[in-house]
Amino acid sequence: QVQLVESGGGSVQAGSSLNLSCVISEYGQSPACMGWFRQVPGKEREGVAILAESGRTVYDYHVKDRFTLSKDNAQNTLYLQMNRLESEDTAMYYCAAADRCKVKAEALLLGGGAGMDYWGKGTLVTISS
């Protein structure tokens with residue numbers, strides 16, 4: 001059974017950095033479509049960054065130039081390096097995977113990850129100002 005396990009969240013001050021990890025196991029072949037999403041209670045889930053099968057990475061404009069998505073194929077791990085954190089970044093962060101991106105990466109961001117096949121349970125990020 002496919003498992004995605006996130007870690008690396010925490011409570012930090014604005015301006016700090018965090019590096020989230022997502023270990024993907026029991027997937028067979030490495031998923032071609034992966035991404036990070038976040039959700040605040042009472043709000044819709046939103047896309048943060050998508051790694052499409054082409055290798056192209058797409059970011060939400062709120063995090064572009066501050067966050068960096070990367071993948072370690074040998075470790076089957078997806079990362080999200082988050083710099084210059086802001087209070088608005090406070091959320092539960094989830095990683096997700098799919099055999100392929102069923103829609104364009106930009107659409108996955110706007111749709112909050114609708115169509116992704118597998119999800120982790122999330123890691124909480126809290127930013128204090």
Side-chain angles (χ1 to χ4, degrees):
Q1 183 175 351
V2 175
Q3 286 192 329
L4 284 72
V5 179
E6 304 95 334
S7 63
S11 297
V12 298
Q13 290 190 329
S16 300
S17 298
L18 285 172
N19 190 22
L20 306 185
S21 300
C22 173
V23 177
I24 303 168
S25 59
E26 306 299 332
Y27 203 100
Q29 287 188 342
S30 181
C33 184
M34 291 166 282
W36 286 97
F37 301 83
R38 66 187 182 185
Q39 189 169 23
V40 175
K43 293 189 176 182
E44 296 289 324
R45 187 174 61 210
E46 61 182 25
V48 176
I50 302 293
L51 175 61
E53 48 259 59
S54 64
R56 187 169 69 105
T57 304
V58 177
Y59 298 92
D60 177 80
Y61 75 94
H62 290 105
V63 306
K64 188 174 170 56
D65 298 327
R66 297 189 298 123
F67 291 8
T68 302
L69 182 153
S70 63
K71 181 188 175 191
D72 184 330
N73 289 321
Q75 300 294 327
N76 288 327
T77 303
L78 191 70
Y79 298 99
L80 185 68
Q81 176 66 42
M82 306 188 296
N83 298 327
R84 304 197 308 277
L85 284 160
E86 303 170 355
S87 57
E88 291 79 11
D89 296 318
T90 295
M92 183 72 81
Y93 283 72
Y94 302 90
C95 72
D99 292 343
R100 61 181 183 88
C101 292
K102 300 176 180 65
V103 296
K104 287 185 177 180
E106 289 82 355
L108 279 173
L109 284 179
L110 290 174
M116 299 296 275
D117 297 322
Y118 304 100
W119 292 85
K121 293 183 178 181
T123 185
L124 182 62
V125 171
T126 305
I127 312 301
S128 57
S129 57

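Quick caveat, the model's predicted, so the values are computed rather than measured.
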Tell me the closest heavy-atom pair linking A91 and V40, and the distance in Å.
CB-CG2, 3.8 Å

Side-chain heavy-atom pair L20, Y94 within 4.5 angstrom cut-off
no

Given the rule that I, L, V, M, F, W and Y join up when any side-chain heavy atoms are under 4.5 Å apart, are M116 and V103 in one cluster?
yes

Sidechain N-carboxylate O distance under 4.0 Å for R56, E106:
yes

So, taking the atom named OG in S17 and the one named CZ in F67, what distance separates them when rounded to the nearest 0.5 Å?
9.5 Å

Is there a side-chain contact between V125 and T90 (heavy atoms, below 4.5 Å)?
no

Rounded to the nearest 0.5 Å, the CZ atom of R38 sits from the NZ atom of K43 at a distance of 10.0 Å

Distance, nearest 0.5 Å, that separates CE of M34 from CG of L4:
9.5 Å

Could you grab the distance from atom CD1 of I50 to atom SG of C33, nearest 0.5 Å is fine?
6.0 Å

Do E6 and W36 have side chains that get closer than 4.5 Å, going by heavy atoms?
yes

Which value, rounded to the nearest 0.5 Å, describes the distance between I24 atom CD1 and K71 atom NZ?
6.5 Å

Note: G112 and W119 closest approach over all heavy atoms is O-CH2, 3.8 Å

When you compare the side chain of V48 with that of D60, does any pair of heavy atoms fall below 4.5 Å?
no

Are side-chain heavy atoms of Y59 and L109 found at a separation under 4.5 Å?
no

Mind listing the closest non-hydrogen atom pair of T77 and S21 along with its distance?
CG2-CB, 4.2 Å

Nearest heavy atoms of A105 and V58, plus distance in Å:
CB-CG2, 3.7 Å

Polar side-chain atom of E53 near backbone of C101 as donor-acceptor pair, under 3.5 Å
yes

CG on L51 to CG on L69, rounded to 0.5 Å:
5.5 Å

Between Y118 and D99: side-chain donor-acceptor atoms closer than 3.5 Å
no

Please tell me if the side chains of P31 and D117 come closer than 4.5 Å, counting only heavy atoms from C-beta onward.
no

So which atom in Y27 and which in A97 form the shortest heavy-atom distance, rounded to 0.1 Å?
CE1-CB, 4.1 Å

Short N-O contact, R84 and D65, less than 4.0 angstrom
no

Answer whether the closest heavy-atom distance between the side chains of R66 and M82 falls below 4.5 Å.
no

Quick check: is V12 connected to Y93 through a chain of hydrophobic side chains (ILVMFWY, heavy atoms under 4.5 Å apart)?
yes

Do other residues, nucleotides or ligands put more than 12 heavy atoms under 6.0 Å from K104 NZ?
no

L18: which of L80, N83, L85, T123 passes side chain to side chain contact (heavy atoms under 4.5 Å, CB included)
L85

